[in-house]
A.B. asks: 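Quick one: the structure is below, and I'll ask about it shortly.
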Amino acid sequence: MNRECRKITSWKLVHRYDVETKMISVDKLCRTFGSIVAVDDISFEVQKGHVLGFLGPNGAGKSTAMKMLACFLEPDSGTASICGYDIREDPVKVRKCLGYLSENAPAYGEMTVGSFLSFICDARDIRGTKRQQALDRVVPMCSIESVYYQSIETLSKGYKRRVGLAQALIHDPQVLILDEPTDGLDPNQKYEVRSLINKMAGEKCIIVSTHILEEVEAICSRTIIIARGKILADSTPKELKDRYQCSLEEVFRNITSTRVDA
Amino acid sequence: MNGFGTVFKRELKGYFVTPVAYVFLVIFLFFAGYLTFRSGFYEMRQADLGIFFGNLPLLFVFMVPSTAMRLWSEERKTGTIELLLTLPITVAEAVWGKFFAAWAFLGIALLLTFPMPLTVYYLGNPDTGLIIVGYLGSLLMAGAFLAIGSFFSAVSKNQVISFILSVVTCAVLVYAGMPTTLNYLSGFLPGAILAMVEQMSFLTHFESVQRGVLEFKDMAYFVILIIGWVWACTIILDEKKAN
C-alpha cells in the first residue's frame, strides 16, 4: 500500500517533469537556402517558465530557426517538438498551441484591427463568449483600444507591432515565439513590451530573438548566441558576464567575431 | 470554422472593402453589355443569349487574371503569407479557400448580368434551359481561368508578371480553338495533332454549352483543369513560400 502510494507520486512527479521539460525541444535542426547554410545543426530545449533570448548578428539564422519552429519552413534535416507535437508530423497541432510573431509583424492592411483580430479568432476557432473574453483580455494588454476601428495600413510601426503581438496572444498559447518584438518601437513601448513578456514569463515558454543586448538582460532567463547558423554559447546572461568578466556587449562581440573566423 | 471557411470568408470580404471589386464589376458589366450589343444582338432578331455567352471567353481572358493576380502575389510581397500559414491552416485549405472566394466573386459578377436575360425575356420567349446551362457553363469556365490565374499568382511576387503570364496562358487556350487558328494550323499539322489542339481549347468545350448541352466530357475538361492548376498552385506555394 505504502509502496503503491510512493509509486504513484513518483509517477506524477516524472510526468510533471516530463511536460515541463518538453515544451520546446529542438533536435539537430538544419536548413539551407541554395548554397547558404542558414541554420546548421542546432539543438536545445526550453522549459516552461523560461524566456530564451536568441541573440546573434544579422543573418545569423535566428529568423530561419524561428520560422521552422513555427512550421512555416520545413527543415532540411533534424526536427523539433513543441508541446509534445512534432513540427514535421503535426504542424497544424503545433501551430494551435503556439503564438508566433514574425519579423515585420505582417497583417492585412486593408482590414481594421477589430476585423483582423476576429479573423484570427476564426482561424483559431475561438467563438462566442470565449472570443469576447479573449478580445477583452488581449486588447488592453497590448494597448490597442484607441486604434481598434482603424485600418491596419494607417497605423504606425509601433501600433502595427502591437497588433501583431495581440494576434500572437489571442489564444493564450503555451509557447510564444517572438521575432524581434521590440524592433521599431519607441523606448516607452519597448519598456511596455518587455514588462508584458516578464509578466507572462511565469506560465509560458517564450523564445525572443533580438540583437539588442540590454533587452536580453531585461527579460531573458537564458541566452543562446547564434552566428552563421551555429550555436556558439548557451547560458544565462549573468553566467556569460561572469565567465568573460566583461559586459554582455563585449561577450557578444568576442563570441560572434572570433569564433566565426576560427 | 475550419481553415477553408476562415480563408474563404476573409478573402471574399476583402474584395468589397477595397475598390478592387467595384472597379472590376463596373468594367466587366460594361464590356459584357457593350460587346453583346455591338456584335449584333438586335440584328439577330432572336431572343437568346448566344452572343452574350459567346463573348465571355474573350472577356474572361483579361478580366479573370486581373482578379486572380492578387491572390498570392500580394500575400508573398507583404509577408502576410507567413501569418496565414502559421495559423492552424494547411496550404491546401488556404489555396482552395482563396480559389473559391475568388470564384464566388466571379459568380456574383455573372449574376449581376441579370439585365441581359431580363432583356431577352422582355423582347421574346427565350429557352430558359439554354440560359441556365449557359450561366452554369460560364461559371465553370471562369473557374478554369481562375485556377490558371491563381497558379501564376503563386509563381511571382510581382502582380504584373502574374497577370501577364496568366493572360498569355489563357489566351493560348482560348485562341487554340478559334476557326482561324485551326485553319492556319491545318496547313502543316497532321489531323491527329490538330484534333488534340482543338480539344485543348476552352472554346471547343464552351461551344456545346452555348448550344445548351452540358456534356460530361466538357464538364470534366473544366473540372480537371481547375483541380490540376489549383493543385499545382499548392505545390509551387509550398516550394516558394520562403523566398
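Just so we're on the same page: letters track the sequence lines, and every chain starts at 1.
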A.B. asks: At a heavy-atom separation under 4.5 Å, does Tyr100(A) approach chain B through its side chain, its backbone, both, or neither?
C.D. replies: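 Side chain only.
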A.B. asks: Between Thr18(B) and chain A, with a heavy-atom cut-off of 4.5 Å, which part of the residue counts as in contact: side chain, backbone, both or neither?
C.D. replies: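 Contact with chain A involves the side chain of Thr18(B) alone.
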A.B. asks: Does any backbone or side-chain atom of Ala70(A) lie under 4.5 Å from a heavy atom of chain B? Answer side chain, backbone, both or neither.
C.D. replies: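 Both parts, heavy atoms under 4.5 Å.
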A.B. asks: Do Phe202(B) and Phe206(B) make the cut of ring centroids closer than 6.0 angstrom?
C.D. replies: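 No.
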A.B. asks: Please verify the inter-ring angle class for Phe31(B) with Tyr34(B); under 30° counts as parallel, over 60° as perpendicular, anything in between as tilted.
C.D. replies: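 Ring orientation of Phe31(B) relative to Tyr34(B): perpendicular.
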A.B. asks: Quick check against the 3.5 Å criterion: does Arg31(A) have a side-chain atom that pairs as donor or acceptor with the backbone of Gly61(A)?
C.D. replies: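 Side chain of Arg31(A) to backbone of Gly61(A), a donor-acceptor pair under 3.5 Å: no, none is there.
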A.B. asks: Who wins among Glu74(A), Glu103(A), His171(A), Glu110(A) for the most heavy-atom pairs under 4.5 Å with chain B?
C.D. replies: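 Most heavy-atom pairs within the cutoff with chain B belong to Glu110(A).
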A.B. asks: For a 4.5 angstrom cut-off between non-hydrogen side-chain atoms, does Asp40(A) reach Thr32(A)?
C.D. replies: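 Contact flag for Asp40(A)/Thr32(A) side chains = no.
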